[in-house]
There are 2 protein chains.
Amino acid sequence: MYSDLQLTEDRPVYIQVKDYLKRLMLKGGLQPNQKLPSTRELSTLMKVSRSTILLAYAELEDEGLIYALKGKGNYVSELLETPKAEAHWQLDWSAEVSEYAIQAEQYDLMKHGSGAERGEISFTSIAPDEKLFDLHNVKRAFLDRMSLEGEVLLNYGYAQGYKPLMNYLLRYMENKGVDLTGKDILITNGFTEGFDLVLGALRKKTGKALCENPTHHTAIKNLKLHQFQLTGIRMESDGLDLKQLEQELEDSAYDLAYLVPSYHNPTGIVTSPAKRAEIIRLMNEYQVPIIEDGFNEELRYSGSHVSPLIASTGSGNSLVYLGSFSKVLFPGLRVGWIIADAALIDYLESMKRARSIHTSTLDQSLLYQYLSNGNFEKYLKRARMEYKRKYELVVHCLKRYLPMCQISGSGGLHLFVQFPPEIQTRELLIACKAKGVTFTPGDTFYLEPGQGLHTMRLGFSRVSDENIRKGIRTIGETVSNMM
Amino acid sequence: MYSDLQLTEDRPVYIQVKDYLKRLMLKGGLQPNQKLPSTRELSTLMKVSRSTILLAYAELEDEGLIYALKGKGNYVSELLETPKAEAHWQLDWSAEVSEYAIQAEQYDLMKHGSGAERGEISFTSIAPDEKLFDLHNVKRAFLDRMSLEGEVLLNYGYAQGYKPLMNYLLRYMENKGVDLTGKDILITNGFTEGFDLVLGALRKKTGKALCENPTHHTAIKNLKLHQFQLTGIRMESDGLDLKQLEQELEDSAYDLAYLVPSYHNPTGIVTSPAKRAEIIRLMNEYQVPIIEDGFNEELRYSGSHVSPLIASTGSGNSLVYLGSFSKVLFPGLRVGWIIADAALIDYLESMKRARSIHTSTLDQSLLYQYLSNGNFEKYLKRARMEYKRKYELVVHCLKRYLPMCQISGSGGLHLFVQFPPEIQTRELLIACKAKGVTFTPGDTFYLEPGQGLHTMRLGFSRVSDENIRKGIRTIGETVSNMM
């Protein structure tokens, strides 16, 4: 006893001593009213300084675990006995969980998808490249904000969001041409929470939803978890197949349409102005609310300026916009936002409060200060330049090593590749993985089994130039062997 | 035009100029291929420096909004036209929202409760006093962690949580006597998200849940939102009325029991060791899983050391523990945790991923670094001393000014007060508010209308000594007038 104390580096020693003794008491190694060794003795046994033991004893006394008798030493208190259950009842949790929990686990691609292994050249990620992060500005923003109102930031905030950030983002959206009349904002833990809240807030009349096919796999997962039956609309090079869209709207009623009009995931397509106008007209006519995913809007490398769809609906209130900087700025800060009709935001705010009270005030205030220090524009310029360079390198390599493929994507952190019909990308992936290269097979993003079998998504943001060349060359060689 | 630029203080001027021009283009005040004023002209019109205009033009060009013709000047680009919807379809969102959204709004006490007004002496809050926060240690922890792995902290993390924090908390729980065999941890956005996830994960067999009556009103809200039918068990001075508990278990089956065994909200009662043992025995016998709320466990002012219930269940797997430091440390950092059977945690992890991807890595890593720097123990000692002093002052004032009342609570940031039957606390509250004093009427925490009409909760953490005296004296005088 005592001499088996094993110190770790990440906590003060006196606390480790305290915890060691506490464990002994809780496990019965030290009994109530038993005398503890003197500080001198214990110091020798544990090979730590006597002042450390003194501090540890003071802590234990403070916690009510020991008491001191003047001139006699320290004794273990009568602990609030921890009754031990006789029967260790074992529940089979797999039989106790809801259908929702089972489906959430089943659709969890992080668990069941083909992740990248260490050392592989991986084109699976579309997270930003952390090497571009301007940490000194993040530190500056943190210290600035802490000096201004540190106490406020660390205590409870408001469900709707941190006011300065809300105002900043409202202005930011106004600058994208959004008419804010009758609208309001809610800050969420990223896009995902925003989408989940909105889906949970909608009354199911038909239980049917429209979306692009292929589309963002996390969105498919969440739509399915909310028990929506999905109708996918084919993607053409300039956006939705409008003929199919109109036909589907003719044939059935829908509760919502989930759309990614700019730098669509996974195809990278930007919906053309003509199609945007027609989509809005149709959704108006058939009265289907749109949920717009503002994903990647900032990452334009070529072509004209892009506005979100919500900029086209004027004072109309049937479009719900979901924004996030996660693909551009810092995804570790879980901050997204919803712009929608004020009456809807009011419901969403109560749902948000019931589910997580509010989004981290620290994340929100740090982001606000970073933005209002003017760092975002500079960062974005640098990031865009770097990603554009990589994007062009990927396009170059694809043309060189995979000349038989069709490429789409004019922005964002990925490209979408269509192979000739004889190449199944799941088979290709197995062969490439054997050579240390991995990517996301495109069928992941399609609604029905058997669709997108000849496609892949290539995320390039976190792959080095050398590995982009090497990786795509490897894919090209593997394809040649297979054909 | 141009001379109406209104500058604000919180953003760099060149960005404000850029945004001003961008708005003009989006709103049609500047047409495609229209020439912009020279930088010199615009500088005069806007009363900002020429270099600011140069920077703004460079930004606009970078965004593809303008183009330069050598020797001729700057022109507005052919914008990706923002089609304007003809029909501004107006949806009545109140008819479109789900039953869940309607109930979330209806049960939202922040909207419908009696909040405190500025200048009032308010006993409604049980948030920690931010004056006690050791901001310098928080800054230190942030800078320490950022230096070690800033890039990692700002990029995507894992749904289960930030590994060093998970390990820290597992050890923390082990030090409270918890047997971790077969168990695992999930980090959540505070207690509330944890509770919401667990309730969503449970399959409804009976749709019935047990809880203390009164109990935490947010928990009541979430149980109701998950459509549980609640059976409340009366509280005695040492915990649940076991006779009633056994009777209810005899009469019906239950899917779960939600319990707050230490410093219960709102009564402040610590369940006795004998009752704890009996509760566990009964729940084992009737096979009802327990959800334990570890709320306030750290804020003991008197009496013996308290272990959580989960320390009594050994290697049993039927108890789900929800932890949080929000009532002690920094609630603005939204970090809580769930300790439960590893199989259940696996489902919860997938649900967490589907709902918010992960908890802010910044919050988690900052908390971890703060804890492992050894700040928590020192902070807790200081906070406990200060809260204990206030707690004793409140008890003293209650005995002096409200001698006719029964008081309960031996820790935490509030006390619970029972008035004689002739005093209705809702009426008392109206009379007190007229004198500038407010508190939470106890019926808020009861399951049925008509219960707890003579009770109130007094939160004291954020009330000054002077206002504690003044406020309780005012309540006392008002009661005397009413009797």
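For the numbers below, each heavy atom of this structure counts, side chains included, while hydrogens, waters and symmetry mates do not. Order of the sequence lines fixes the chain letters, A, B, ..., with proteins taken first and strands second; residue numbering starts at 1 for each chain.
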Find out whether A/E151 and B/K131 are in side-chain contact, i.e. whether some heavy atom of one side chain is under 4.5 Å from a heavy atom of the other. no
Does the side chain of A/S147 come within less than 4.5 Å of B/K139's, by heavy atoms? yes
Side chain, backbone, both or neither: which part of A/K352 has a non-hydrogen atom closer than 4.5 Å to chain B? neither
Do A/K18 and B/E377 come within less than 4.5 Å of each other through their side chains, counting heavy atoms only? yes
Is there side-chain contact between A/R171 and B/T8, with at least one heavy-atom pair below 4.5 Å? yes
Most chain A-contacting option - heavy-atom pairs closer than 4.5 Å, from B/L362, B/N373, B/L202: B/L202
Closest approach of A/G374 and B/P12, non-hydrogen atoms and distance? CA-CG, 3.4 Å
Chain A shares the most heavy-atom pairs under 4.5 Å, among B/A159, B/A104, B/G332, B/A127, with B/G332
For B/L333, is there any backbone N or O sitting under 3.5 Å from a side-chain donor or acceptor partner on A/S360? no
Chain B: which of A/T359, A/T361, A/L135 shares the most heavy-atom pairs with it under 4.5 Å? A/L135
Ignoring hydrogens and angles, tell me if any N or O in the side chain of B/N317 forms a donor-acceptor pair with the backbone of A/L91 under 3.5 Å. yes
For B/S125 and A/Y156: C-alpha separation, side-chain torsions, deciding distance, then whether side-chain contact (heavy atoms from CB on, under 4.5 Å) applies. CA-CA 10 Å; B/S125 173; A/Y156 280 114; over 6 Å; no
Count the heavy-atom pairs under 4.5 Å between each of A/R353, A/E174, A/E99 and chain B, then report the option with the highest count. A/R353
Go through B/P289, B/A201, B/G182 and name the one with the most non-hydrogen pairs under 4.5 angstrom from chain A. B/A201
Taking all atoms of both residues into account, what is the closest heavy-atom pair of B/Y347 and A/I102, and its distance? CE2-CA, 4.1 Å
Counting heavy-atom pairs under 4.5 Å to chain B, which of A/Q287, A/K221, A/H358, A/M351 comes out on top? A/Q287
Salt bridge between B/D346 and A/K111, side-chain N to carboxylate O under 4.0 Å? yes
Would you mind reporting whether B/T218 and A/I357 have side-chain heavy atoms less than 4.5 Å apart? no
Apply side-chain hydrogen bond (donor to acceptor under 3.5 Å, both in side chains) to the pair A/K204 and B/S98, showing each step before the final yes or no. CA-CA 7 Å; A/K204 285 204 190 63; B/S98 61; over 6 Å; no
For A/A95, is there any backbone N or O sitting under 3.5 Å from a side-chain donor or acceptor partner on B/R203? yes
Among the listed options A/L153, A/D255, A/L344, A/L225, the residue most often paired with chain B at heavy-atom distances under 4.5 Å: A/L344
In terms of heavy-atom pairs under 4.5 Å with chain B, the winner among A/L329, A/V335, A/N222 is A/N222
So, the part of A/I15 with a heavy atom under 4.5 Å from chain B: the answer is side chain
Per-residue contact mode, A/Y368 against chain B (heavy atom under 4.5 angstrom): side chain
Just to verify, which of B/N189, B/D196, B/L197 counts as forming a side chain to side chain contact (heavy atoms under 4.5 Å, CB included) with A/S356? B/N189
Please name the pair of heavy atoms, one in A/G200 and one in B/Y100, separated by the smallest distance, quoted to 0.1 Å. O-CD2, 4.1 Å
Residue from B/E193, B/E96, B/R355 scoring the most non-hydrogen pairs under 4.5 Å with chain A is B/R355
Under 4.5 Å from any heavy atom of chain A, what part of B/M283 do you find: side chain, backbone, both or neither? backbone
A/Y168, part contacting chain B, at a heavy-atom distance under 4.5 Å: side chain
How about A/E130 and B/L154: do any of their side-chain heavy atoms sit closer than 4.5 Å? no
With no hydrogens and no angle check, is any side-chain donor or acceptor of B/W93 less than 3.5 Å from a backbone partner on A/S318? no
Less than 4.5 Å to any heavy atom of chain A: does that hold for the side chain of B/F191, its backbone, both, or neither? neither
Taking A/D62 first and then B/K381, would you say they form a salt bridge - that is, a charged N and a carboxylate O separated by under 4.0 Å? no
Side-chain donor-acceptor pair under 3.5 Å between B/S350 and A/D108, yes or no? yes
Flag, side chain of A/Q90 to backbone of B/S315, donor-acceptor distance under 3.5 Å: yes
Heavy atoms of other groups near A/Y158 OH, more than 12 under 6.0 Å: no
So, the side chain of A/N155 versus the backbone of B/P128: is there a donor-acceptor pair under 3.5 Å, distance only? yes
Checked A/F133, A/Y14, A/F142 vs chain B; the most non-hydrogen pairs under 4.5 Å come from A/F142
